[in-house]
Amino acid sequence: MNNHVTVLEIDGSALKHNLHHFKKQLHPTTKILAVVKAFGYGSDGVQIARFLADKVDYFAVAYAHEGIALREAGIKAPILVLHPQIPNLLAIVNYCLEPNLYNFKIFNAFLKVATQTALQEYPIHIKLNTGLNRLGFCTKDVPTLLAQLKETKQLKVQSLFSHLAVSEEIKEQAFTNQQISTFSESAQQFQAGLGYKPILHILNTSGVINYPKAQFDMVRIGIGLYGFGNDEKETNQLKNTHNLKSIISQIHNIEPKESVGYNRAFIADKKTKTATIPIGHADGISRKLGNGIGHVLINGQKATIIGNVCMDMIMVDITTIDCAEVDEVIVFNSQEMIQEIADATATIPYETLTAISQRVQKKLKS
Ligand SMILES: *Cc1c(COP(=O)(O)O)cnc(C)c1O
């Protein structure tokens with residue numbers, strides 16, 4: 001049981017708002033797949049999936065064990081495993097997870113498992129590589145793959161999908177349109193070859209924003225559910241879901257020339273009041289935020305991180321802030337604060353959010 005006082009509060013009503021924001025831009029029949037990989041982008045995949053279970057059509061995780069965790073928590077909805085590996089295929093079947101089969105090696109390995117376990121029309125997902133060059137069958141392999149699929153009663157192609165490489169950048173529109181048309185052509189081949197129509201999907205969050213015409217039958221929304229679009233304008237229409245809070249453990253009054261923290265990285269040049277907060281780099285606070293780069297909010301005021309970020313703690317400057325031990329500390333509670341942290345650590349909100357570690361307590365408030 002996690003009773004850490006450093007808590008990530010997941011805002012359920014913000015999640016609902018963000019889901020609705022995308023839904024209203026899509027055809028009413030377009031299915032929604034909620035991407036809950038990496039613990040729901042650094043929050044809690046199980047709590048998110050429970051909350052969204054009656055509001056979306058599908059869930060996706062990256063790895064098999066993430067899907068198993070959802071099943072063990074009682075999630076009944078279909079779960080697509082985006083990046084299965086051969087050693088996990090039997091577990092995928094045992095937990096009724098649906099694998100993405102992205103090359104002949106894993107396709108044949110899964111077919112073997114399906115045969116051994118006497119499966120009939122087990123739902124699988126086929127991924128095509130249309131330009132990202134990460135995972136997926138080459139389009140030239142489609143005829144061979146279709147010939148194999150025709151022979152197998154064990155498997156049913158539940159969906160055919162691909163992934164865009166630069167959906168967030170309009171200047172690469174020609175490349176993205178090429179990916180979409182390559183996908184469309186292969187989709188037609190599949191439909192003709194299979195004799196039934198799999199669910200087609202290619203868009204992630206920024207794809208939905210920039211290329212809604214390519215929504216096909218389903219869209220895969222990750223970061224958008226958690227409050228981030230491609231730009232400030234889009235992000236402003238979304239609500240922040242991840243609120244990271246803690247409390248002040250201890251306050252110190254430091255004399256000039258005294259130091260704070262490891263390596264004596266901070267030396268006071270005047271009388272300084274500091275607060276120690278129980279959150280450190282093991283909780284997801286980058287060491288790059290130390291030494292005056294990052295800040296938290298205490299009673300609405302900015303308290304700068306001084307000295308080095310420790311594994312379990314940070315120390316902040318509260319010289320001009322009226323506060324006491326056990327007062328609340330906000331690490332972030334808006335997309336703007338998350339973006340500031342991402343900028344200061346030379347990364348993107350995806351990494352800032354997923355960096356929040358398992359040690360932080362997670363609480364979804366609906
Ligand atoms: C992570 C992932 C997504 C979600 O992308 P967002 O940009 O977070 O919406 C969609 N599809 C695939 C294949 C992914 O790996």
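Treat the numbers as computed from the prediction; the structure is a model and nothing was measured. We count ligands from 1, going down the list as the structure has it; atoms in each ligand are counted the same way. Only this structure's heavy atoms are used, side chains among them; waters, hydrogens and symmetry mates stay out.
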Ligand 1 and [X], any nitrogen or oxygen pair closer than 3.5 angstrom?
| X | value |
| --- | --- |
| N204 | yes |
| G222 | yes |
| F161 | no |
| K127 | no |

Any idea which atoms of ligand 1 are less than 4.0 Å away from a heavy-atom of Y41?
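Here the atoms of ligand 1 in question are 1 (C), 4 (C), 5 (O), 6 (P), 8 (O).
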Interfacing atoms of ligand 1 (cut-off 4.0 Å, heavy-atom, R134):
15 (O)
Minimum-distance protein heavy atom relative to atom 11 (N) of ligand 1:
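Ranked first by proximity to atom 11 (N) of ligand 1 is R220 NE, 2.8 Å.
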Looking only at heavy atoms of Y226, does any of them come nearer than 4.0 Å to an atom of ligand 1?
no
Looking at the rings of F137 and F104, which for Trp means the six-membered one, are their centres under 6.0 Å apart?
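Yes, they do, as the ring centres are separated by less than 6.0 Å.
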Between H125 and Y102 (judged by ring centroids, cut-off 6.0 Å), do the two rings come close enough to count as a pair?
no
Suppose we screen for ring pair (Phe, Tyr, Trp, His ring centres under 6.0 Å). Which residues come up paired with F161, at least two apart in sequence or across chains?
H201
Any donor-acceptor pair under 3.5 Å from S259 side chain to R264 backbone
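Side chain of S259 to backbone of R264: no pair is present.
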